[in-house]
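Worksheet: the structure to be examined is printed underneath.
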Amino acid sequence: MRIAMIGTGYVGLVSGACFADFGHRVCCVDKDGSKIEALNDGIMPIWEPGLESLVKANVGHGRLTFTTDLQSAVEGAEAIFIAVGTPARRGDGHADLTYVFDAVRELARFIQPGAVVVTKSTVPVGTGDKIEQILSEEGIEEVSVASNPEFLREGAAIADFKHPDRIVVGAEDPRAQDVLREIYRPLFLNRAPILITGRRTAELTKYAANAFLAVKISFINEISDLCEAVDADVQDVARGIGLDNRIGPKFLHAGPGYGGSCFPKDTLALLQTADAAGVDQRIVRTTVAVNDDRKSSMVERVVRALGGDPKGKRVGALGLAFKPNTDDMREAPAIPIVKALVERGAAVCAFDPVAMSQAEQVLSGIQFADDAYAAADGADVLVIVTEWDEFRALDLERVAASLRGKILVDLRNVYDPGEAEEAGLTYYGVGRGRPRG
Ligand code: UDX
């Protein structure tokens, strides 16, 4: 198959590289000339495990190319995937579809009859209908429009793409269904379930999946607050409920709230869709509110650990990215937490294994350390914000020796409280019994 992938962000680049690895000929196109130039030099715009070698191998085999020239990418392509950004519009949370619609208007000039336009970007219900309308306004009738949402987790995106729990294809037109079946054929051979459904249903499925996972996280975060009040352990509660197959063990880790490029944006966009449809979604609305409050309650946790006033105190922060194995700082809980501590007079020294240059762009007035121990050095409290693997096996005695305050606030429940206390630290986790003090 010949595939054009419009947009070389997270979704476009990973999907393009994986499709090429399936044996298709993929041309990725982006307006950002410097990004394309870098990709042609083998430099990745994002940090994602395995991506660089996958891209290089497929470029080497001649199956994957990068260009700024839309015409050369789209002409002759049997499928044109749209993977441009759909940021939340400032103020109202609506998904901004400007880039999607601009891309459709442009590709209309070069698309061949019989081709399929596929949305991979997360787009609100009805976007496929609008794309069809734009194409028809541009005089294009002989193409079909399908929805094929992605369910990739950053940091595990390639594995998720190649071993998906399911593939969702939204297309009423049998020709579009056939093209997408053919594109994903290598995965059917591995028995990945494929759900072929209506286009609007596929569009909504993506939002419903992300909203449900966000609900799970906010649920366990609220349960963790209850655990602290009644002296129970949220880790064991999560395990105890997660072993029930109907609930499942995943996305039940209590922490500082969800962040990233998807959950915060997609929950808000779902609420906008619901408002427009005149149907209230109280569970998702509450989930968003619980998650918003979570960050300030984490700040209070650190402040309490410091004895009530962070002014003049030194805080070491471990992990800044919204989750491990990514340099992505979008909606990272670290941002409001660190900012609030700085505003209240604390001096913050942070370390993240890969996200520090991204963090520098969104966090000012803090210091950056060279490693975890340097962040702890002389601090009154050490706060684990993101659970990078390298923070899981710190020499706690060394940490305790270098800390001034001997306090560990573990917002990801990485450590066993007993072990931390044995090393001489006062330990505060999340939802692990009644907190001291
Ligand atoms: C998510 C979805 O998982 C993916 O299917 C979708 O297509 C894009 O959005 P991603 O944003 O990369 O992927 O990260 P994910 O691993 O889902 O984590 C999202 C956030 O939830 C992170 O901030 C993470 O720390 C938090 N989280 C996750 C928890 O706080 N607790 C959990 O149990 C799981």
Side-chain angles (χ1 to χ4, degrees), residues 9-12 14-15 46-49 51 83 85-86 88 95 119-123 147-161 163-168 202-203 205-224 234-235 237-239 241-242 247-270 287-288 290-292 294-295 297-298 319-337 352 355 384-389 391 410-414 429-431:
Y10 222 98
V11 174
V14 171
S15 308
I46 49 168
W47 193 89
E48 177 67 29
L51 184 62
T86 55
T119 50
K120 254 228 171 286
S121 307
T122 300
V123 291
S147 159
N148 172 221
E150 56 80 22
F151 300 98
L152 311 177
R153 285 164 306 160
E154 292 187 19
I158 292 166
D160 282 354
F161 197 97
H163 307 280
D165 289 343
R166 78 308 205 182
I167 300 152
V168 175
E203 288 168 342
T205 302
K206 168 66 197 246
Y207 283 102
N210 275 354
F212 188 80
L213 294 170
V215 168
K216 264 186 120 174
I217 297 168
S218 278
F219 173 82
I220 202 68
N221 283 339
E222 281 206 318
I223 291 289
S224 81
V234 73
Q235 302 276 92
V237 173
R239 189 165 151 73
I241 64 174
I247 297 174
K250 295 183 180 162
F251 282 72
L252 287 177
H253 296 290
Y258 58 78
S261 64
C262 290
F263 291 171
K265 173 167 79 74
D266 293 350
T267 44
L268 289 181
L270 179 76
T287 293
V288 171
V290 168
N291 197 60
D292 286 346
R294 192 76 189 156
K295 273 71 77 84
S297 94
M298 293 300 111
L320 296 167
F322 82 95
K323 66 173 202 176
N325 298 323
T326 178
D327 64 349
D328 200 335
M329 287 296 297
R330 284 177 286 179
E331 302 287 334
I335 300 172
I337 294 173
D352 187 286
I384 299 179
V385 187
T386 310
E387 71 281 28
W388 284 90
D389 275 347
F391 303 150
D410 180 3
L411 299 182
R412 298 285 185 169
N413 288 341
V414 167
V430 172

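When a ligand or atom number is given, it counts from 1 through the structure's own listing order.
Listed as neighbours of ligand 1 are Glu150, Phe151, Leu152, Arg153, Glu154, Lys206, Asn210, Ile217, Phe251, Leu252, His253, Tyr258, Gly259, Cys262, Phe263, Phe322, Lys323, Arg412, each bearing a heavy atom under 4.0 Å from the ligand.
With sequence neighbours excluded, the residues satisfying side-chain contact (heavy atoms from CB on, under 4.5 Å) with Val215 are Ile283, Thr287. Residues satisfying the salt bridge (Lys or Arg N to Asp or Glu O under 4.0 Å) criterion with Asp327, sequence neighbours excluded, are absent altogether.
Annotation: cation-pi pair Arg166/Phe151 present, NZ/CZ under 6.0 Å from the ring centroid and within 45° of its normal.
With contacts defined as side-chain heavy-atom distances shorter than 4.5 Å, the pair Asn210/Thr267 does not qualify. In this structure, the side chains of Thr119 and Asn148 stay at 4.5 Å or more apart for every pair of heavy atoms.
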Identify every side-chain donor-acceptor pair in residues 250-265 under 3.5 Å, counting partners at least two apart or on other chains, and give the distances.
{"residue": "Ser261", "atom": "OG", "partner": "Glu154", "partner atom": "OE2", "Å": "3.4"}
{"residue": "Lys265", "atom": "NZ", "partner": "Thr86", "partner atom": "O", "Å": "3.3"}
{"residue": "Lys265", "atom": "NZ", "partner": "Thr86", "partner atom": "OG1", "Å": "3.2"}

